[in-house]
Every structure is written in structure tokens, then in C-alpha cells.
Amino acid sequence: MVIRQFSLAYLTVLGCAPPQMTYIAAQAGYDFVSFRPIYMGLPGEPNFALAENKNLLRQTKEALANTGIRLLDIELARIYEGVDVHKYVPALEVAAELGGRHVLSSIWTPDRSFATEKFAELCELAKQFALTVDLEFVTFADLKNLKETVELLKNVDQENAGILIDTLHFNRSCVALEELDEVPREWFHIAHLCDGPLEIPVTRDELIHTARDGRLYAGEGGIDIAGILKRIPNVPYSIELPNLKRVKEYGYAEHAKKCLESAKNYLNSY
């Protein structure tokens, strides 16, 4: 019998503070949570920078201790033009303090040489906290597919570097399943799981809308989730499933529960 573990990703319950996320995850039956303690400054985004808010950090520690839920990863250490990756150190330190294992990253600059240099620097910083840095390709970012991601990771050549496969972005990037067979097994530490509409959007705005507000429960859409996951090692699945309509209909807690139930039902059928 395959033992699978699941984490509740930040975007799934967008706007929930880390303590609230933790209690929701525990109530729904998750094994982990995935926080966003790196403030990105997006419109309307709450600031959950735990390193700067000691009271919130204390409440988060209490929630983790009270529930037994563990921290899987933090996001999002973006690599963008002119970034100083040292600014991520306080968040890395908090992640380690809370027992986290991974920090997620993505590339938002077309300068591949700069991106490679800064990602390698981020990996070096994360080593002192025993964290892996897992690179996600995003269809509307500057690193858009598996081939580009593998190439960058080979150039970086850091022992704590990894790759994060998001089933939505994998599908939207039109990556062939066979490409996964060429990726070193030790690069896989975590995966993002969700479903999405069968039809792939053609514009950047539509891609962004689906990714941030229109993901579907496993089995509802047209993504070959099982085909993707069968070609990677059995790693914890962080369910990243933002859907504003479902949150309005069910509330955060019930939505999180349905995300997990649908994922388990889907995977148990294969």
C-alpha cells in the first residue's frame, strides 16, 4: 500500500494567516502546511512575514504544537531582476525554526545568467538551514517549462536544489510525460497537486486567472494527474487549489477538506 502525505498550500486558503491555516489543515486531515512568510507586496495581499511579527510567530508555533501538523515548505523566494536573495534569510531562518524542509522558488527575469547566479546563491544561503530550494516552472513566468528548468538546475549544480512539478503548470506548458523520466530522482522533494479545465488558455491573463483563481478538484478537469505523478517519486503533495467560487460557496475549512478528499479519492482509483 502506497502511503501518501498531503500539505495545505497557501493559495488554497488565500488570505488565511499561518495559525488559522494550521488549524484548518488539522481539521481537514492534512499532514503538513505550506506557508507564505515571504511578503510579495501583491495588491490586497496580507503580510504574514513571521520573522517580522513575533506575536504571529508565537501563535503559529502554538498552532503547530497543538495540532501536530508539520511545516513542509515556505514560499516564494522569487528570482527577479535586481533581487538581493539575502533578503530571504529571515524567512529561511523561520522556516528552519518551525521544522520546515523546503523553500519554493521561481524565475521572473529573462536574464538566464543572472537567474542562474542568484538561484545558486539562494541555495547556498538555504544550506545553512538544511533547506532544499525547489524550483517551479510557471507558464506565465520567465522559466516556463521542464526543459528550461532542468537546464538551469544542471548549471547551478547545487546538492540542495530541487524541482517542483505543479500539475497545472505541467499541463499548461504542454510537457511530454516522457520528459520526466530524464529528471534525476533526487531532485524531487515536493509536488503541487490540482486539476484544471481541459482547454488550455491562450493568453497570459487567462493563464494567470486559472492558476490563481480557477483550479479544480482532482478528477474534475482534464489534467492527467495520475500520469504525471506516476513518473516522479512518491513525495508529499501540496494541494495548491485556489478557487474563489468554491471558497465563497463552502468557506475555507470545507474547501480545504474537499481538496484533500478529492485528491485521495482520485489517487486511490489508480
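Because the structure is predicted, anything quoted here is derived from the model rather than measured. Scope of the values below: all heavy atoms of this structure, side chains included, with no hydrogens, waters or symmetry mates.
- The backbone N or O of Leu152 sits nowhere less than 3.5 Å from a side-chain atom of Thr116 that would complete a donor-acceptor pair.
- Heavy-atom neighbours of Glu186 CD from other residues, nucleotides or ligands within 6.0 Å: above the threshold of 12.
- Judged by distance alone, the side chain of Asn265 and the main-chain N or O of Glu261 form a donor-acceptor pair under 3.5 Å.
- Looking at His192 and His169, their side chains never come closer than 4.5 Å, going by heavy atoms from C-beta outward.
- Judged by distance alone, with hydrogens and angles left aside, the side-chain atoms of Asp195 form a donor-acceptor pair with the main-chain N or O of Gly219 at under 3.5 Å.
- Checked by atom type, the side-chain pair Thr67/Thr22 shows no donor-acceptor distance below 3.5 Å.
- In this structure, the separation between CG on Leu177 and CG on Leu229 is 10.5 Å, given to the nearest 0.5 Å.
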Q) Do Asp134 and Thr132 pass the side-chain hydrogen bond (donor to acceptor under 3.5 Å, both in side chains) test, and can you show the C-alpha distance, the side-chain angles, and the key distance before you say yes or no? A) CA-CA 6 Å; Asp134 294 87; Thr132 70; 2.5 Å; yes
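- In this structure, a donor-acceptor pair under 3.5 Å is absent between the side chains of Thr139 and Ser173.
- Salt bridge present: Lys118 and Glu121 bring a charged side-chain N and a carboxylate O closer than 4.0 Å.
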(Q) For Glu62 and Arg58: C-alpha separation, side-chain torsions, deciding distance, then whether salt bridge (Lys or Arg N to Asp or Glu O under 4.0 Å) applies. (A) CA-CA 6 Å; Glu62 289 176 355; Arg58 177 185 56 79; 3.0 Å; yes
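- Glu220 and Arg246 are joined by a salt bridge, as a carboxylate oxygen and a charged side-chain nitrogen come within less than 4.0 angstrom of each other.
- Checking Tyr23 against Asn66 by side-chain atom types alone, a donor-acceptor pair falls below 3.5 Å.
- Around the CD atom of Glu81, the shell of radius 6.0 Å holds more than 12 heavy atoms that belong to other residues, nucleotides or ligands.
- The closest donor-acceptor contact from the side chain of Glu45 to the backbone of Leu42 lies under 3.5 Å.
- The pair Glu179-Lys147 does not meet the salt-bridge criterion, since no charged nitrogen lies less than 4.0 angstrom from a carboxylate oxygen.
- Atom CD of Glu178 sits in a crowded spot, with more than 12 heavy atoms from other residues, nucleotides or ligands closer than 6.0 Å.
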